[in-house]
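Right, one structure below, let's go through it.
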2 protein chains.
Amino acid sequence: MIDTDELLSIRAAELYYEENKTQDEIGAVLRLTRWKVGRLLAQAKASGFIRIEIVHPRARRLIVERRLREHTGLSDAVVVSAAGVSTDEELQSRAAQAAADYLTALRPVPSTLGISWGRTLHEVAQGLKPGWARGVNVVQINGGVSLNRRTGTAAATAVTIAQKALGSATLLPSPAILELVETKLAIESDRAVATVLDLGSAASAYLFSAGQADENSALVDSGYLTADQVAELVRKGAVGDIVGRYINADGHIVDLELDERTIGIRLEQLRRAPTAIAVIAGSTKHAVARAIVFSGLCTVLVTDEDTALAVLGEAP
Amino acid sequence: MIDTDELLSIRAAELYYEENKTQDEIGAVLRLTRWKVGRLLAQAKASGFIRIEIVHPRARRLIVERRLREHTGLSDAVVVSAAGVSTDEELQSRAAQAAADYLTALRPVPSTLGISWGRTLHEVAQGLKPGWARGVNVVQINGGVSLNRRTGTAAATAVTIAQKALGSATLLPSPAILELVETKLAIESDRAVATVLDLGSAASAYLFSAGQADENSALVDSGYLTADQVAELVRKGAVGDIVGRYINADGHIVDLELDERTIGIRLEQLRRAPTAIAVIAGSTKHAVARAIVFSGLCTVLVTDEDTALAVLGEAP
DNA sequence: GGAAAACTTGCTCACATGAGCACACGCATC
DNA sequence: GATGCGTGTGCTCATGTGAGCAAGTTTTCC
């Protein structure tokens with residue numbers, strides 16, 4: 001059975017929030033003093049009966065952001081609202097836009113910004129306003145010459161971000177994954193590539209996304225891996241990839257041999273970075289997001305509400 | 001592209017509603033005067049970006065209630081929240097409970113209350129508190145001797161309501177629908193039945209529900225009609241039944257011959273009643289609810305949010 | 001049965017907030 | 001370049017609201 005005070009607090013809340021009456025007027029209607037009404041309203045709020053939601057594509061969830069900062073090693077977090085959103089694409093767009101906003105407001109402005117590539121990063125680039133910064137050197141931190149269609153997407157992302165920042169782009173002229181370790185070592189020692197990798201290692205900030213470990217991964221899409229290879233990685237515990245490298249739930253490399261053939265910044269370097277912004281959204285990426293956050297691969301997480309709750313280990 | 005002020009109002013709303021900051025503090029953060037912040041918040045509210053919802057099984061939607069009173073001929077309306085409810089059963093329970101509350105608060109207390117029977121009415125009876133009134137004569141207004149199982153439900157409902165009101169129940173000792181008009185006329189003229197019908201016609205208030213026109217109808221369930229007969233009625237335009245009589249979208253009797261064999265109060269009597277409370281909830285009953293409201297068959301509607309919006313002709 | 005504890009109630013006071021107003025700025029027109 | 005109009009801004013003032021407090025009431029426990 002429901003408490004009398006509980007029912008009264010609901011009646012009061014209806015009059016207060018729906019009818020915009022003052023607590024005094026409510027008191028007159030319900031035959032209570034205005035202080036009692038105030039207490040009932042406070043009680044209704046405390047019991048969670050009053051739900052206030054900001055419904056807007058650009059709305060953030062500050063409460064969840066704070067919880068993330070407090071309960072994880074993150075130094076900052078941006079959580080976009082998932083209210084009224086049904087598709088993962090929409091969530092990713094919102095997160096990408098939020099990442100663009102975060103980057104724009106980031107102080108100090110990074111002189112060198114290391115970035116990965118992919119659908120999400122492309123959207124971040126689109127979301128940035130021309131002139132968002134003045135003179136940023138954008139460096140690719142993982143191999144990105146696509147093997148089939150989508151050619152140039154990786155490069156275009158870096159160039160767009162750099163142009164809009166009135167700065168320069170430094171591209172990594174290399175595939176993401178090589179077939180032989182020897183080839184990888186050869187490419188890596190090439191002066192043109194080595195210079196970019198060194199520059200990337202010394203970036204003042206990083207911005208990257210992550211991919212889920214399944215056949216829809218960008219690495220499969222780009223032809224670097226087959227769906228079967230990814231399935232095998234999943235069998236070994238892979239939850240997703242970050243800058244081209246597959247990790248398990250603990251944030252460790254899943255397949256050392258594969259990793260030896262992957263070109264790009266090493267995870268240890270990312271872990272040492274003072275500012276590493278991960279943009280990860282969508283229901284398929286909950287596991288990777290969790291792995292990345294708890295293994296210290298990023299200092300800032302830009303994500304959606306549901307993913308954030310998953311990272312915190314709570315039901316949505 | 002999104003307006004700068006719009007974005008600012010969202011940021012302000014986040015700080016105000018999620019972080020519980022004062023408008024002054026928000027002003028300090030966003031570098032605005034506190035009046036500007038107040039205006040942005042007002043704007044956010046006006047634009048509908050702020051959604052305040054009362055989540056509680058007993059919560060009502062006063063705004064929708066008012067719209068119902070204004071845009072229909074209803075003298076009063078009770079609309080229960082559908083927040084977080086998935087099943088029609090739950091909606092019906094909530095509406096039934098709300099009807100019980102409404103009846104309890106109804107002034108003047110009806111000396112004679114005419115009621116129909118069915119699942120919903122049974123729940124209303126359950127929801128009433130013992131002693132909700134002092135001395136109400138409860139009269140059945142339509143035939144209700146069940147042909148198979150559920151025997152006694154109709155009678156039990158009337159008796160329960162009467163007992164809890166410290167009053168008396170007057171049962172209508174007759175089936176709902178007869179097979180022959182002659183039988184119906186004979187029963188109707190029987191002194192025991194006629195007296196009850198007269199009493200029912202003179203009731204000071206009515207409380208009834210309505211059934212949808214499909215094979216799950218209570219009349220089919222009780223064996224008065226077959227699923228095929230109901231299908232035929234639907235073909236003729238039936239949207240549902242009220243006190244055992246099937247009506248179309250205009251509130252008119254669908255099948256006059258069938259109606260002649262139905263025992264109970266006539267719809268004209270209901271339309272003349274100063275207080276006729278209809279309790280109708282659930283997604284299957286939108287059409288009947290609409291028909292009943294717009295043909296003046298009730299003066300008070302107790303329903304759920306979605307049905308109310310359907311009655312108002314709006315999307316949910 | 002009575003004392004102590006826990007809670008509730010009505011209140012004062014200080015702060016937060018919305019309404020209303022005057023002024024300044026941008027814009028078009030003459 | 002002056003004039004009038006509409007919009008946006010900062011302010012005063014009145015009202016609404018939450019924190020804290022003392023008295024009253026109920027509950028609990030000996």
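Bear in mind the structure is a predicted one, so any value in this text is a computation, not a measurement. Letters go in sequence order (proteins before strands), and every chain restarts at 1.
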Proximity to DNA chain C (any heavy atom under 4.0 Å), residues of residues 31-40 of chain A only: T33(A), W35(A), K36(A), R39(A)
If I take atom CG in residue L41(A) and atom C1' in nucleotide dA19(D), what distance separates them, rounded to the nearest angstrom? 16 Å
Taking NZ from K21(B) and P from dT17(C), how many angstroms apart are they, rounded to a whole number? 13 Å
Residue-phosphate contact under 4.0 Å: Q23(A) side-chain N/O, dT15(D) OP1/OP2: no
Salt bridge or not between E65(B) and R61(B)? Use side-chain N to carboxylate O under 4.0 Å. no
Spacing between Q43(A) atom CD and dT8(C) atom C1', to the nearest angstrom: 12 Å
Check whether the side chains of Q92(A) and T120(A) place a donor and an acceptor atom closer than 3.5 Å, and report yes or no. no
Under 4.0 Å between a side-chain nitrogen and a carboxylate oxygen: does that hold for K36(B) and D5(B)? yes
Do C298(A) and L74(A) have side chains that get closer than 4.5 Å, going by heavy atoms? yes
Residue-phosphate contact under 4.0 Å: Y16(A) side-chain N/O, dT17(D) OP1/OP2: yes
pair K285(A)-T307(A): side-chain heavy atoms closer than 4.5 Å: no
Tell me the interatomic distance from Y17(B), atom OH, to dA16(C), atom C1', rounded to whole angstroms. 13 Å
Would you kindly give the CG-to-C1' distance between L15(B) and dT17(C), to the nearest whole Å? 17 Å
Give a yes-or-no answer on whether the side chains of T112(A) and N137(A) include a donor-acceptor pair shorter than 3.5 Å. no
Please give the angle, rounded to 10 degrees, between the axes at the start and the end of the helix from dG1(C)-dC30(D) to dC30(C)-dG1(D), where five pairs define each axis. 20°
Rounded to whole angstroms, how far apart are CG on D24(B) and P on dA14(C)? 18 Å
Report yes if the side chains of L30(A) and V37(A) come closer than 4.5 Å at any heavy-atom pair, otherwise no. no
Should L309(B) and R67(B) count as side-chain neighbours, where that means a heavy-atom distance under 4.5 Å? yes
May I ask you to say whether R58(B) pairs ionically with E6(A), meaning some side-chain N is under 4.0 Å from a carboxylate O? no
